[in-house]
Amino acid sequence: MTKKILFICTANRMRSATAEKIYQNDVRFEVSSAGTHPSADTVLDEKLLAWADAIVVMEKAHRNFIRKNFPEMYQQKRIVCLYIPDEYGYMEESLVEILRIKFEDVYQKGLLGA
């Protein structure tokens with residue numbers, strides 16, 4: 001069974017959009033992405049959170065945003081932080097590399113759930 005992963009950053013233009021792009025054809029996952037800012041390309045909402053089996057945020061601030069704005073989802077969902085700062089461009093080679101390393105580490109350690 002494929003795991004539904006929701007990647008979250010601030011604007012959904014660089015980090016989470018890159019993560020969605022690099023994992024969109026991975027048979028292990030069904031992926032989507034969103035941003036916490038009102039101007040994000042796809043704004044995070046309860047429907048997206050409900051869809052996800054696991055939520056992967058780029059910074060602690062994104063986890064805090066979910067806790068504050070979606071407290072029930074925060075309690076129900078597995079949320080993992082990759083600690084990737086907002087200093088990369090979309091599909092930037094170094095961002096792709098760090099996303100793959102950190103996300104695969106989280107996946108291999110079973111932090112996304114069963």
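In this chain, residues are counted from 1 in sequence order.
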Do Y107 and L99 sit in the same hydrophobic cluster, where Ile, Leu, Val, Met, Phe, Trp and Tyr count as joined when their side-chain heavy atoms come under 4.5 Å apart?
yes
So L44 and N12, do their side chains get closer than 4.5 Å, heavy atoms only?
no
Kindly work out whether a path of hydrophobic side-chain contacts (I/L/V/M/F/W/Y, heavy atoms less than 4.5 Å apart) joins V56 to Y90.
yes
Treating Ile, Leu, Val, Met, Phe, Trp and Tyr as nodes and any side-chain heavy-atom pair under 4.5 angstrom as an edge, say whether M73 and V80 lie in one connected cluster.
no
Greater than 12 external heavy atoms within 6.0 Å of K21's NZ
no
Using a 4.5 Å cut-off on heavy atoms from C-beta on, say whether the side chain of S39 contacts that of R13.
yes
Should D45 and K47 count as an ion pair when the cut-off is N to O under 4.0 Å?
no
Taking the six-membered ring for Trp, is the centroid-to-centroid distance between F29 and F103 below 6.0 Å?
yes
State, to 0.1 Å, how close E30 and W51 come at their nearest heavy-atom pair, and which atoms those are.
O-CH2, 3.5 Å
At what distance, to the nearest 0.5 angstrom, does NZ of K68 lie from OH of Y74?
14.5 Å
Backbone of A52 reached by a side-chain donor or acceptor of K77 within 3.5 Å:
yes
Does M91 belong to the same Ile/Leu/Val/Met/Phe/Trp/Tyr cluster as L82, with side-chain heavy atoms less than 4.5 Å apart forming each link?
yes
For E72, is the CD atom crowded, meaning more than 12 foreign heavy atoms sit under 6.0 Å from it?
no
Between CD1 on residue I5 and OG on residue S33, distance to nearest 0.5 Å
12.5 Å
Would you indicate whether E97, at its atom CD, is surrounded by more than 12 heavy atoms from other residues, nucleotides or ligands within a distance under 6.0 Å?
no
Do T18 and V96 touch side chain to side chain, with heavy atoms closer than 4.5 Å?
yes
d(L49 CG, I8 CD1) to nearest 0.5 Å is 5.5 Å
Nearest heavy-atom approach of V57 to H62 is CB-CB, 3.7 Å
Which heavy atom in Y83 sits nearest to a heavy atom in K102, and how many Å separate them?
O-NZ, 3.2 Å
E59 side, atom CD; T36 side, atom OG1 - distance, nearest 0.5 Å:
8.5 Å
May I ask you to decide if C81's main-chain N or O and K60's side chain share a donor-acceptor pair within less than 3.5 Å?
no
Run the side chain to side chain contact (heavy atoms under 4.5 Å, CB included) test on T10 and R15 for me, step by step, so that the C-alpha distance in whole Å, both residues' side-chain angles and the decisive distance to 0.1 Å come before the verdict.
CA-CA 9 Å; T10 305; R15 296 169 291 173; 3.6 Å; yes
Hey, what do you get for NZ (K3) to CG (D26), rounding to the nearest 0.5 Å?
13.0 Å
Hey, could you give me the CD1/CE distance between I84 and M58, rounded to the nearest 0.5 Å?
5.5 Å
Of all heavy-atom pairs linking E104 and Y23, the shortest is OE2-OH, 3.0 Å
Test item: T42 and L48 side chains (from C-beta on) under 4.5 Å apart, heavy atoms:
yes
Within the 4.5 Å heavy-atom criterion, are F70 and E46 side-chain neighbours or not?
yes
